[in-house]
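These notes are about the structure you will find just below.
Just so we're clear, the structure is a prediction, and the values are computed from it rather than from any experiment.
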Amino acid sequence: MRFLPALAAWIAAACFLQPAAAAPIAAELPPGLQVPAPARVGPAFDAEKATQAYIALLSPEQRARSDAYFEGGYWIGFWNLLYGIAISALVLLAGISQRMRDLAERVSRRPWLSTLLYAAMWSVLAFVLAFPFTLYVDFFREHAYRLSEQPFGSWLGDRMKGLAVGVVLGSLGITAVYGAVRRLGARWWIGATAIVFAFFLFVEMIAPVFIAPLFNHYQPLPEGPVRQAVLSLARANQIPTGHVEWFDASKQTTRISANVSGLWGTTRLSLNDNLLKKTSLPEIEAVLGHEMGHYVLNHGMRLAIDLTLVFGIALWLLHAAFDRALARWGARLKLRDRADPAALPLALAILSVIFYLAGPVLKGIVRTAETEADAYGLNAAREPYGFAMVSMRLATYRKIVPGSLEEILFYDHPSGYDRVHRAMVWLKENQDARYAAEAAAAAR
C-alpha cells in the first residue's frame with residue numbers, strides 16, 4: 001500500500017499547480033450566435049472552409065487548454081482504476097471487509113439483511129477512501145479549468161446527497177445481485193444481468209422526478225420566445241409532454257446542457273440556466289433538436305439494452321475470473337465463497353479492470369447514439385449555425401480535433417470538428433432554402 005501516499009502527494013501537487021496556469025485564459029466564447037464569413041451561404045460556400053472558420057473562433061490558448069483538460073481525462077481514468085484497486089486491496093488485506101461482514105451477520109443472520117447492511121457500510125467506506133481523488137477530480141480540477149465556481153461547502157453538500165442516494169440504490173442493487181448468486185449458483189451472472197437492465201429502467205424513470213431535484217431547483221420555463229420555440233419543436237417531433245423546465249446548474253458548472261428525460265409518463269424537457277443565459281435561440285433549438293432525437297429514436301431503451309449486453313459479458317468474465325481468484329486467495333483472505341459479501345471488493349477490482357478494457361466499446365455505443373441524435377437534430381431544428389456554435393462552446397473543454405484512434409478509444413460523443421463539419425455539410429446541401437430565407441429577411 002505504499003502506492004497510496006505517493007498518489008496522495010501527486011494529487012496535492014496537481015491541486016496547487018494547475019489553477020495558476022489556467023487563470024489568464026478566457027474561459028468561454030462570448031454569448032450569442034456567431035457566423036464567420038466563410039460559413040455564410042452563397043455560390044462559393046465550402047463546407048471545409050466554413051468548418052475551419054468556426055474552429056478558428058477558439059484562440060490558440062483556449063484550444064491548448066481544452067486539449068490539456070480533455071487529454072488529462074485519459075490519465076484520470078487510468079489513475080482512477082489504480083486507485084480503486086488500491087482501495088479494494090486495502091480493505092481486504094487489512095481485514096476491514098471481513099469485519100464488516102461479521103458485524104452485519106451479528107446484527108442479522110438473514111442473508112439478505114446482512115448483505116444489505118454490509119453493502120451500506122461498504123458504500124460509505126468506499127466514499128470516504130475515494131474522497132481525496134474525488135476532491136481533486138471533481139472540485140480542484142474543475143475550478144482550475146474554470147468549469148465550476150461552486151463553493152466547497154455547496155460542492156460537499158452535493159457529494160453527501162449523492163452518497164445518500166448511492167447508499168440506498170447501491171445497497172439495494174448489491175443485495176439483489178447477491179440474492180441471484182445464492183439462488184442461481186454458477187448461473188448468477190445471468191440473473192445479475194437481468195437486474196442491471198431493470199436497474200437502468202428504474203433509474204431512467206425515477207431520476208428526473210425524484211433524484212435530479214435533490215441537486216437542483218427545477219422551475220417551469222417562463223412564457224416567451226424560448227418556451228414557444230421549444231414547445232413548437234416538441235409538438236413537431238411528437239414529444240408527448242408540455243412539461244418544460246429550467247434548472248439552476250450554474251451553481252455547479254459553467255457548462256451548457258439540456259435533456260429530454262423520463263419514460264412512461266415521466267417525460268419532461270429540461271434546460272439549464274447556462275444554456276438560457278449564454279446562447280442564442282438558434283443554439284437552444286439546435287440543442288433541443290438533438291435531445292429530442294434521443295427520445296424519438298428511443299435511445300433510452302436501446303442504450304439500456306446495448307449496455308446491459310456489455311454488462312452481461314463483463315459479468316460472465318467476472319464469474320470466470322472471480323472463482324479463480326477465490327480459489328487462489330480466498331482462504332488466505334478469509335473469504336468463504338462467491339456468495340460472501342466480504343469478497344465484494346475483490347469482485348469490484350476485477351470488474352473495474354474488465355470495464356476499463358471495455359471502455360472503447362462502451363464509448364462507441366454511446367457515440368453512435370450521439371451521432372444519430374446529431375443528424376436528427378439538424379433535420380428537426382434546421383439550425384446549422386446554432387448547432388455549429390454550440391459545438392464550439394463544448395470545444396472549450398473537449399478536444400476539438402482528435403486523432404482517429406484517439407476518438408475511438410476516448411470519445412463518447414463525436415468530436416467538435418466532426419459536429420461542426422456535419423452542420424456545414426447539412427448547410428451546403430440545404431443552402432438554397434437557407435439562402436432564400438436570408439435574402440428575404442435582408443429585403444425586409
Side-chain angles (χ1 to χ4, degrees), residues 81 84-130 163 165-203 307-358:
L81 171 68
I85 292 173
I87 288 174
S88 294
L90 171 65
V91 299
L92 287 172
L93 294 174
I96 299 172
S97 181
Q98 298 86 330
R99 287 194 290 273
M100 290 195 305
R101 172 202 60 202
D102 295 342
L103 174 59
E105 290 180 345
R106 283 198 296 271
V107 173
S108 175
R109 301 301 298 180
R110 295 179 178 179
W112 70 268
L113 185 53
S114 61
T115 300
L116 183 68
L117 293 172
Y118 172 90
M121 288 188 286
W122 164 255
S123 298
V124 174
L125 179 63
F127 174 88
V128 171
L129 293 177
L163 172 62
V165 172
V167 168
V168 173
L169 296 183
S171 298
L172 291 174
I174 291 170
T175 301
V177 169
Y178 271 96
V181 171
R182 290 191 297 271
R183 285 172 173 75
L184 300 178
R187 293 186 176 88
W188 69 267
W189 61 274
I190 300 176
T193 301
I195 291 169
V196 168
F197 179 67
F199 188 78
F200 276 143
L201 296 183
F202 177 70
V203 171
L307 295 177
T308 297
L309 290 174
V310 176
F311 263 85
I313 295 171
L315 291 171
W316 174 74
L317 292 172
L318 170 63
H319 165 65
F322 188 51
D323 281 358
R324 288 183 175 85
L326 282 176
R328 183 169 183 177
W329 298 305
R332 189 185 315 170
L333 295 173
K334 299 181 181 179
L335 303 175
R336 300 165 187 163
D337 52 34
R338 69 167 74 99
D340 183 359
L344 177 63
L346 176 60
L348 292 177
I350 296 171
L351 196 61
S352 67
V353 174
I354 293 171
F355 275 117
Y356 183 79
L357 296 176

[X] side chain vs [Y] backbone, donor-acceptor pair below 3.5 Å:
X	Y	result
Arg336	Ala343	no
Ser108	Glu105	no
Ser171	Ala120	yes
Asp323	Leu326	no
Arg101	Ser97	no

At their closest point, which heavy atom of [X] faces which heavy atom of [Y], and how far apart are they?
X	Y	result
Trp188	Ala180	CB-O, 3.8 Å
Leu346	Ala325	CD2-CB, 4.0 Å
Ala314	Leu351	O-CD1, 4.1 Å
Leu117	Val107	CD1-CG1, 3.5 Å
Pro111	Ser114	O-OG, 3.1 Å
Ala339	Pro341	O-CD, 3.2 Å

Can you tell me how far apart [atom1] ([X]) and [atom2] ([Y]) are? Round to the nearest 0.5 Å.
X	Y	atom1	atom2	result
Leu315	Phe322	CG	CZ	12.0 Å
Leu116	Thr175	CG	OG1	4.0 Å
Leu172	Phe202	CG	CZ	8.0 Å
Ile174	Ile195	CD1	CD1	11.5 Å

Do [X] and [Y] come close enough that some side-chain heavy atom pair is under 4.5 Å?
X	Y	value
Leu184	Trp189	no
Leu92	Leu335	yes
Ile85	Ser352	yes
Val167	Phe127	no
Tyr118	Leu344	yes
Val91	Trp122	yes
Leu93	Leu333	yes
Phe197	Leu307	no

Taking everything shown except Arg182 itself, do over 12 heavy atoms lie less than 6.0 Å from its CZ?
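Check passes, neighbour count above 12.
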
Residues two or more places apart in sequence or in another chain: which of them pass side-chain hydrogen bond (donor to acceptor under 3.5 Å, both in side chains) with Gln98?
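Listed in chain order: nothing, the list is empty.
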
Does Phe311 have its ring centroid less than 6.0 Å away from the ring centroid of Phe200?
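Yes, the ring of Phe311 comes within the 6.0 Å limit of the ring of Phe200, centre to centre.
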
Side chain to side chain contact (heavy atoms under 4.5 Å, CB included) with Thr193: which of Leu309, Ile313, Thr308, Val310?
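Result: among Leu309, Ile313, Thr308, Val310, Thr308 is the only option passing the side chain to side chain contact (heavy atoms under 4.5 Å, CB included) with Thr193.
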
Go through the steps for Leu103 and Met100 under the test side chain to side chain contact (heavy atoms under 4.5 Å, CB included), then give the verdict.
CA-CA 5 Å; Leu103 174 59; Met100 290 195 305; 5.6 Å; no

